[in-house]
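Comments concern the structure below.
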Protein chains: 2
Amino acid sequence: MILIMIAAPFDQLPAAAVARFTCDAGDILFRADAPADHLIAIDAGQLVLVRLSPEGNRVMIAQAGPGQTLGEASLFTDRYHYDCVARSPASGWRIAASAIRAALVTDPDFALAMVQTLARQVRTERLRCEIMSIRSAEARVLAALRAFGQPGTLTAFADSLGLSQEACSRAMAGLVRHGRIERLGRGRYRAIGQG
Amino acid sequence: MILIMIAAPFDQLPAAAVARFTCDAGDILFRADAPADHLIAIDAGQLVLVRLSPEGNRVMIAQAGPGQTLGEASLFTDRYHYDCVARSPASGWRIAASAIRAALVTDPDFALAMVQTLARQVRTERLRCEIMSIRSAEARVLAALRAFGQPGTLTAFADSLGLSQEACSRAMAGLVRHGRIERLGRGRYRAIGQG
DNA sequence: CGGCGATCATGATCAGAATCATGATCGCAA
DNA sequence: TTGCGATCATGATTCTGATCATGATCGCCG
């Protein structure tokens with residue numbers, strides 16, 4: 001038998017509240033305007049939230065990988081506000097929003113852990129907003145590398161910063177020249193002195 | 001007697017857990033490495049979190065205004081990691097972290113309200129990120145006006161979008177010309193068909 | 001009322017990012 | 001191994017927004 005652990009705080013929920021999923025790149029986990037009845041915890045792969053801007057452009061809201069969750073807002077709204085799409089083959093858990101709401105009022109430990117998870121998410125999103133308000137491409141890329149590292153491809157990284165792939169690539173090259181970051185390989189970079 | 005309401009969910013806490021504060025621009029609400037024993041709910045003004053970068057520059061981590069909270073990390077860590085500084089005259093409440101932790105495990109309604117508040121903040125910040133990734137100044141301003149309206153001055157609005165004041169003003173003028181938004185007065189605009 | 005600082009509007013110029021174009025490199029699969 | 005599509009790197013050009021400069025308008029207070 002294979003045991004696959006589900007990440008905190010959802011390991012405290014009854015087994016009936018969670019369902020395993022696996023998917024391929026391009027699969028849609030949920031769509032905007034669909035009933036928001038579950039959130040998603042990722043074990044492997046990369047998922048992204050995308051939304052169409054009024055002009056019809058696809059805009060990335062967030063990208064998440066192993067250990068992260070998407071769709072927390074579904075707990076208190078009745079419809080999703082964005083599409084959740086797999087960027088690569090991925091697996092994880094769908095967690096019933098109703099079970100989470102129930103556990104919040106009956107399980108103090110779960111409530112504490114849930115608040116902690118959400119507080120971290122707020123902090124991360126605020127940080128992303130501040131980074132995106134940095135004008136210079138090099139400074140923005142450096143700040144993002146220090147804060148989050150480079151989770152996926154260079155193109156996806158550029159998207160998440162509101163930069164074109166070319167501007168991001170050039171900024172990386174400049175930062176390497178100035179000794180602020182190191183190049184791990186083609187399209188893979190890391191801030192100096194970080195894991 | 002003057003009654004000043006404290007925002008949900010903190011209105012459910014005992015009175016001893018909250019303390020009113022007012023401060024001037026530049027005042028420091030808490031410092032990095034100080035004991036993290038409270039979080040801050042803002043009634044008026046703008047507060048920012050700043051940290052020193054490896055180069056020694058002051059880097060803004062987050063900014064928050066009326067209705068938002070700062071310092072949620074105090075719930076789970078024993079020291080602050082950033083300075084909290086007032087960018088303008090501000091007022092609000094200091095809320096004891098210990099009281100929040102206690103209420104989370106003893107008061108199911110409070111736990112629900114707290115999670116709801118945080119989930120909404122996550123959604124709002126994600127929306128901000130989405131809007132900031134819109135390239136065109138006019139499209140970005142239009143999206144922000146539709147999503148949030150224009151809360152304060154034009155300059156502050158421009159800042160929150162990562163635009164210069166001049167670019168924002170020009171974008172507003174262009175949107176008015178194209179009939180997408182209406183001008184309520186000098187420096188005050190609104191998306192067509194919104195309150 | 002008149003003065004003054006803050007905010008907004010707008011023109012001119014410039015820097016830098018987007019875009020277009022092209023070649024290099026990688027990963028995967030036949 | 002070879003071929004091919006995806007990704008990355010980089011040059012050339014365009015164009016948008018930042019910046020600088022200036023004037024207009026507003027709110028406030030004496």
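What you see below is based on every heavy atom in this structure, not just the backbone, and it leaves out hydrogens, waters and symmetry mates. These numbers come from a predicted model, not from an experiment. To find a chain, count down the sequence lines: A is the first, B the second, and so on, and within it residues start at 1.
- Of the candidates C:dA17, C:dA9, D:dG17, C:dA9 carries the atom nearest the B:Leu154 side chain, counting heavy atoms from C-beta on.
- Contact of A:Gln165 with D:dA9 (side chain to base): a donor-acceptor pair of N or O atoms is detected under 3.5 Å.
- At the heavy-atom level, B:Thr155 lies under 4.0 Å from the strands shown only through sugar-phosphate atoms.
- For A:Ser169, taking side-chain heavy atoms from C-beta onward, the closest of the listed nucleotides D:dG17, C:dA17, D:dT10 is D:dT10.
- Considering only heavy atoms from C-beta on, A:Phe10 comes within 4.5 Å of A:Met114 through its side chain.
- In this structure, A:Tyr189 reaches the sugar-phosphate backbone alone: every heavy-atom distance under 4.0 Å involves primed, P, OP1 or OP2 atoms, never a base.
- Using a 4.0 Å heavy-atom cutoff across all strands shown, A:Arg183 reaches sugar-phosphate atoms only and no base atom.
- With a 6.0 Å radius and a threshold of 12 heavy atoms from other residues, nucleotides or ligands, A:Arg101 has its CZ atom above the threshold.
- In this structure, A:Asp159 places its CG atom 13 Å from C1' of C:dA18, rounding to the nearest Å.
- Note on A:Gly162: only backbone sugar-phosphate atoms sit closer than 4.0 angstrom, heavy atoms only; bases stay farther off.
- B:Gln121 places no side-chain N or O within 3.5 Å of a backbone atom of A:Val122 that could act as its donor or acceptor partner.
- Rounded to an integer number of Å, the gap from CG of A:Leu175 to P of D:dA9 is 13 Å.
- Between B:Ala173 and A:Leu163, the residue anchored closer to the 5' end of DNA chain C is B:Ala173, taking for each the nucleotide with the nearest heavy atom.
- In terms of position on DNA chain D, the residue among A:Thr153 and A:Arg135 whose nearest nucleotide sits closer to the 5' end is A:Thr153.
- Aromatic ring pairs are classed by plane angle as parallel below 30°, tilted from 30° to 60° and perpendicular above 60°; the pair B:Tyr80 and B:Phe30 is parallel.
- Not a single donor-acceptor contact under 3.5 angstrom links the side-chain atoms of A:Arg170 to the base of C:dG16.
- Residue A:Glu138 is the one, among A:Glu166 and A:Glu138, whose nearest nucleotide of DNA chain C lies closer to the 5' end (criterion: closest heavy atom).
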